[in-house]
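Below is one structure; the comments refer to it alone.
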Protein chains: 2
Amino acid sequence: MSKRAYHHGNLKQELIERGLEFIDQNGVESLSMRKLAILSGVSSAAPYAHFENKEAFLSEVQNYITEQFTDTLQETYESCHDRQRVLLELGKSYVLFFSQNPLYYSFIFSHGDIDINNYPPFQMFKNIAGNVMNEIYDGKIGEHDIYNKTLAMWAMVHGLAQLYTLPAFRMMDSQKVEQKNLQNASSAEIQRIDERIENILSSVEI
Amino acid sequence: MSKRAYHHGNLKQELIERGLEFIDQNGVESLSMRKLAILSGVSSAAPYAHFENKEAFLSEVQNYITEQFTDTLQETYESCHDRQRVLLELGKSYVLFFSQNPLYYSFIFSHGDIDINNYPPFQMFKNIAGNVMNEIYDGKIGEHDIYNKTLAMWAMVHGLAQLYTLPAFRMMDSQKVEQKNLQNASSAEIQRIDERIENILSSVEI
DNA sequence: GATATAATCTTAACACTGCTAAGATTAAGG
DNA sequence: CCTTAATCTTAGCAGTGTTAAGATTATATC
């Protein structure tokens, strides 16, 4: 008997997992179907029994990340019982998700044609933000302004997420605010970014 | 004599221009050195006399776009004499630049490792924004908060730029605010986006 | 349980890619 | 004018996505 049976048994799942890992470590640019196949101990054409083409494969990997992202936001939302802080917490969660897996960001938001209007995490953020705005500005401003403020908030958070994706920016930012630089303590860095996002977001009146 | 002389005479420049045009129309994903070479009437290996590799070529194209972007911001800044509106105008200019050439956005900001801390248009925006903030909050808030507000402003504008890059979002947004939908009148659409950005940005107190 | 069918995998091949080495052609400078 | 450097072509390598044909195995049906 050779190393593996003729049938892998779990190839589709393994390809997706290896794809995730590869993108997280190297980015999507250098990912190839053939390499993933070989890594999974299978011939270079085997993946095409499970995915129509590379694009379809990447799309499934995207969905996987999107689910993780949505779940993260959902958990943050549910565990926040202070209605005053829900947007702040959601924003921090948003930024931290991508700052912990920087290469996911460009993979999801540039290298694909996501349907922005039906993209679950965006809908979720916009819905919650809209609700919060409605509570805060109850009848004081028009529906129009509520929508504008929601968009402004979303754009700001999304922009910050991209910034904190870049190591160079993180370094510069941590120097600028003169925090104790515990470079390698990753849990400390997470907390530092957490504080930074809190400060930045609450520096504007929305 | 054949179609062209053995020496092209202006190959480097033509490749960059064709690269710009190709990215603007098709995105960087499907760009290949060979295609550009053939389009320029030259053999497929000729480009490598002018560029070390594909990455170096794309980097030069990036610089080209970056210059255009910086110039656009600069012109906007210089032609705005109302100190109260300078940030608003700069933000609109920022967003409009990429909404007019959507594929430039993902090409510049994802498919490359720009040195964010030395990236001219970012430095420019941050400097101007910082100065304006200093004027507005003259001594009333700390240097720290000024920096945070500057970052918040930049992130918001940058996030909006990405949003207005997506046709699906533009449609949805124009429906939401119930503007007259002059779909094909591109100059009208520019003005519409211009108004939208103005409204969104001025909906938050920064 | 045998057999038909469908799913999965391998091998081989095609067209395309980035890129290089070797040599041809032309421009520039002494 | 002649040397040198710049520019281009031709061939070719290794790697890519993808497909067609056929081998192997799981699944369902009688």
Side-chain angles (χ1 to χ4, degrees), chain A residues 1-23 25-64 103 106-107 110-113, chain B residues 1-23 25-64 103 106-107 110-113:
Chain A
M1 233 191 193
S2 72
K3 264 188 162 183
R4 297 264 168 244
Y6 193 91
H7 280 39
H8 179 285
N10 198 24
L11 183 56
K12 182 169 182 175
Q13 189 63 25
E14 179 166 353
L15 285 173
I16 290 179
E17 283 169 16
R18 283 192 189 272
L20 270 170
E21 193 188 346
F22 192 95
I23 290 171
Q25 292 175 1
N26 311 94
V28 74
E29 283 81 14
S30 55
L31 179 150
S32 89
M33 292 285 113
R34 296 175 100 112
K35 275 189 278 191
L36 286 187
I38 304 301
L39 279 174
S40 305
V42 107
S43 88
S44 59
Y48 293 89
H50 301 279
F51 306 99
E52 201 184 343
N53 50 32
K54 186 180 184 179
E55 202 184 329
F57 168 71
L58 290 180
S59 178
E60 293 215 29
V61 178
Q62 261 185 348
N63 290 342
Y64 213 92
L103 293 176
S106 59
F107 170 55
S110 45
H111 216 278
D113 316 302
Chain B
M1 233 191 192
S2 71
K3 264 185 161 185
R4 298 262 166 247
Y6 193 92
H7 280 38
H8 179 286
N10 198 23
L11 183 56
K12 183 169 182 176
Q13 188 64 25
E14 178 166 353
L15 285 172
I16 290 179
E17 282 168 16
R18 284 191 188 271
L20 270 170
E21 192 188 346
F22 193 95
I23 290 171
Q25 291 175 1
N26 312 94
V28 75
E29 283 80 14
S30 54
L31 180 150
S32 89
M33 290 287 114
R34 296 175 100 111
K35 275 189 282 191
L36 287 187
I38 303 303
L39 279 175
S40 304
V42 108
S43 88
S44 59
Y48 293 91
H50 301 278
F51 306 99
E52 202 184 342
N53 50 31
K54 186 180 184 179
E55 204 183 329
F57 168 72
L58 291 180
S59 178
E60 293 216 29
V61 178
Q62 260 184 350
N63 290 343
Y64 213 92
L103 292 176
S106 59
F107 169 55
S110 45
H111 217 279
D113 315 302

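Note that the coordinates shown come from a computational prediction; the quantities given were computed from them, not determined experimentally. Each chain gets a letter, A, B and so on, in the order its sequence line appears, and its residues count up from 1.
Within the structure, side-chain hydrogen bond (donor to acceptor under 3.5 Å, both in side chains) contacts touching residues 27-38 of chain A (residues at least two apart or in different chains) do not occur.
Nearest heavy atoms, B:Ser43 versus B:Pro47: O-CD, 3.7 Å. Nearest heavy atom pair, residue B:Ser110 against residue A:Ser106, reads CB-CB, 4.1 Å.
What separates CG of B:Leu15 from C1' of C:dC19 is a distance of 15 Å, to the nearest Å. Taking atom CD1 of residue A:Ile38 and atom C1' of nucleotide C:dT10, one finds them 11 Å apart after rounding to whole Å.
A heavy-atom distance below 4.0 Å to DNA chain D is reached by these residues of residues 43-52 of chain B, ordered by number: B:Ser43, B:Ala45, B:Ala46, B:His50.
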For residues 9-16 of chain B, tabulate all N or O donor-acceptor pairs below 3.5 Å that involve a side-chain atom, not counting sequence neighbours.
unit_1	atom_1	unit_2	atom_2	d
B:Gln13	NE2	B:Glu17	OE2	3.2
B:Glu14	OE1	B:His8	NE2	2.6
B:Glu14	OE2	B:Arg18	NE	2.8
B:Glu14	OE2	B:Arg18	NH2	3.0

Sequence neighbours excluded and cut-off under 3.5 Å, please list the side-chain donor-acceptor pairs for residues 48-61 of chain A, or say none.
unit_1	atom_1	unit_2	atom_2	d
A:Asn53	OD1	A:Glu55	N	3.3
A:Asn53	OD1	A:Ala56	N	2.9
A:Lys54	NZ	A:Leu31	O	3.0

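Put simply, chain B comes within 4.0 Å of DNA chain D, heavy atom to any atom, from D:dA6 to D:dG12, going 5' to 3'.
Residues A:Arg34 and A:His8 each lie close to DNA chain C; by heavy-atom proximity, the contact nearer the 5' end of the strand is made by A:His8.
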For this session: Summarise protein proximity over nucleotides 25-30 of chain C in one line of letters, 5' to 3': B for base, S for sugar-phosphate only, - for none, counting protein heavy atoms closer than 4.0 Å.
Result: BB----
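B:Lys12 comes within contact range of no nucleotide atom at all, as no heavy-atom separation falls under 4.0 Å.
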